[in-house]
Amino acid sequence: MPSGILCSAPLPRRFFDRPSHEVAPDLLGRVLVHGPVAVRLTEVEAYGGPGEDPAAHTYRGRTARNAVMFGPPGHLYVYFTYGMHFCANLVCLPEEFGSAVLLRAGEVVARADLARWRRSGGGLGDGGPDGGGLAGGGLGAPRRKPIADRDLARGPARLAVALGLAREHNGLDAVWEGSPAGLPQFPDPTPAQDGGRLDHATGPAGHPDHAGRLTGFPKGTAAVLEGWPPEADAIRSGPRTGISTAKDTPWRFWIDDDPTVSPYRPHTPRRRSAAATSVGEVPRS
DNA sequence: CGGATGATTCTCT
DNA sequence: GAGAATCATCCGC
């Protein structure tokens, strides 16, 4: 058994079978795995169901876009927004209730090299440095400075890119139902803190990545693992980011003082095009 | 640091 | 046709 490596158990489906505002804070510190990359969640937002949460995609009922949110709990709802970004949610409550938790930020805890490649413009064309490409999506213009570790999954669209989540993963089940032997292993980010909370790895070791870490999760599958939840008093909450309604509902949750939490941005109304500022004005090209 | 801005397309009104 | 659960970049301080 390698020292310093922990194996974290997958969360059962019943974990997600609760109201999203209860699931959301409980997701902090958990680890979302998709293929080789894993992210420890540090910031999330809860969205409620039809008629109860004006900021939710399901507020006005079921549509083709939000259908997954009305499906069984524990599945990924991945939607496209702003013409270029994907954002990932985890569906809560039983079928037909239409609520979810938006994954806003996290710390990449496995295959940061692959996450950085995706965030740096890879993943759009070829198969990737390890041959296992996956969709990049959205972000990824060539850039001048290398992306800092803390920024790899800092923000919902960045998190989606880092994990390789895009349109084709909408509806993917994030509850692990494979064999225990297939479980991934990750380095312990907080060694010797309060040992005993998690069991040490007993399964077969995966392949070492560029940083010498062990991974070994099957491609194309996802799971949420127990991970390393924060102390209860390190959980903060406040208004959700970037929405124009329900500004007073404190359903954004994050880990206090975590460097990967995204900066809070209140909703800024998109200014109408200059052409529409007055009646009869000649539109600009 | 904070504010402004453009990118780019889907969804629902 | 408007607005969107966003991000990177540019500019001024």
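So you know, we letter chains A, B, ... as the sequences are listed, proteins then strands, and number each from 1.
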Distance in angstrom units between [X] [atom1] and [N] [atom2], rounded:
X	N	atom1	atom2	answer
A:Leu102	C:dT6	CG	P	7 Å
A:Tyr82	C:dC7	OH	C1'	10 Å
A:Tyr59	C:dA5	OH	P	14 Å
A:Arg265	B:dC1	CZ	P	11 Å
A:Arg167	B:dC10	CZ	C1'	8 Å
A:Met84	C:dA4	CE	P	14 Å
A:Phe86	C:dA5	CZ	C1'	15 Å
A:Phe80	C:dC7	CZ	P	13 Å

Which Ile, Leu, Val, Met, Phe, Trp or Tyr residues join [X] in one cluster when any pair of side-chain heavy atoms under 4.5 Å counts as a link?
X	result
A:Phe97	A:Leu93
A:Leu102	A:Tyr47, A:Val68, A:Met69, A:Tyr77, A:Tyr79, A:Val91, A:Ile243
A:Trp254	A:Val261

For residues 172-185 of chain A, the salt bridge (charged side-chain N to carboxylate O under 4.0 Å, His left out) pairs (sequence neighbours left out) are A:Arg13-A:Asp173, A:Arg13-A:Glu177
Applied to residues 73-93 of chain A, the salt bridge (charged side-chain N to carboxylate O under 4.0 Å, His left out) test, sequence neighbours excluded, yields none
Do A:Glu96 and A:Arg62 sit within salt-bridge range, that is, some charged N less than 4.0 Å from a carboxylate O? yes
Identify whether the distance between the nearest side-chain nitrogen and carboxylate oxygen of A:Asp113 and A:Arg116 falls below 4.0 Å.
-> no
So the stems of DNA chain C, runs of at least three Watson-Crick or G-U pairs (under 3.5 Å), are B:1-7 with C:6-12, B:9-12 with C:1-4
Which residues pass the side chain to side chain donor-acceptor pair (under 3.5 Å) test with [X], sequence neighbours left out?
X	value
A:Thr42	A:Thr260
A:Ser244	none
A:Asp26	A:Arg18, A:Arg30
A:Asn89	none

**Prompt:** Base, sugar-phosphate, or nothing: which does A:Ile243 touch, judged by heavy atoms less than 4.0 Å apart?
**Reply:** sugar-phosphate
*Base, sugar-phosphate, or nothing: which does A:Arg60 touch, judged by heavy atoms less than 4.0 Å apart?*
sugar-phosphate
Per [X] side chain, nearest of listed nucleotides [options]:
X	options	value
A:Ser244	B:dA7, C:dA5, C:dA4	C:dA4
A:Arg158	C:dC7, C:dA8, B:dC10	C:dA8
A:His85	C:dA5, B:dA7, C:dT6	C:dT6

Residues in residues 47-56 of chain A with a heavy atom under 4.0 Å of DNA chain C, by number, are A:Tyr47, A:Ala55
Under a 4.0 Å heavy-atom cutoff, the residues of residues 61-73 of chain A touching DNA chain B are A:Thr63, A:Arg65
The residue among A:Asn170, A:Leu163, A:Leu165 that forms side chain to side chain contact (heavy atoms under 4.5 Å, CB included) with A:Leu76 is A:Leu165
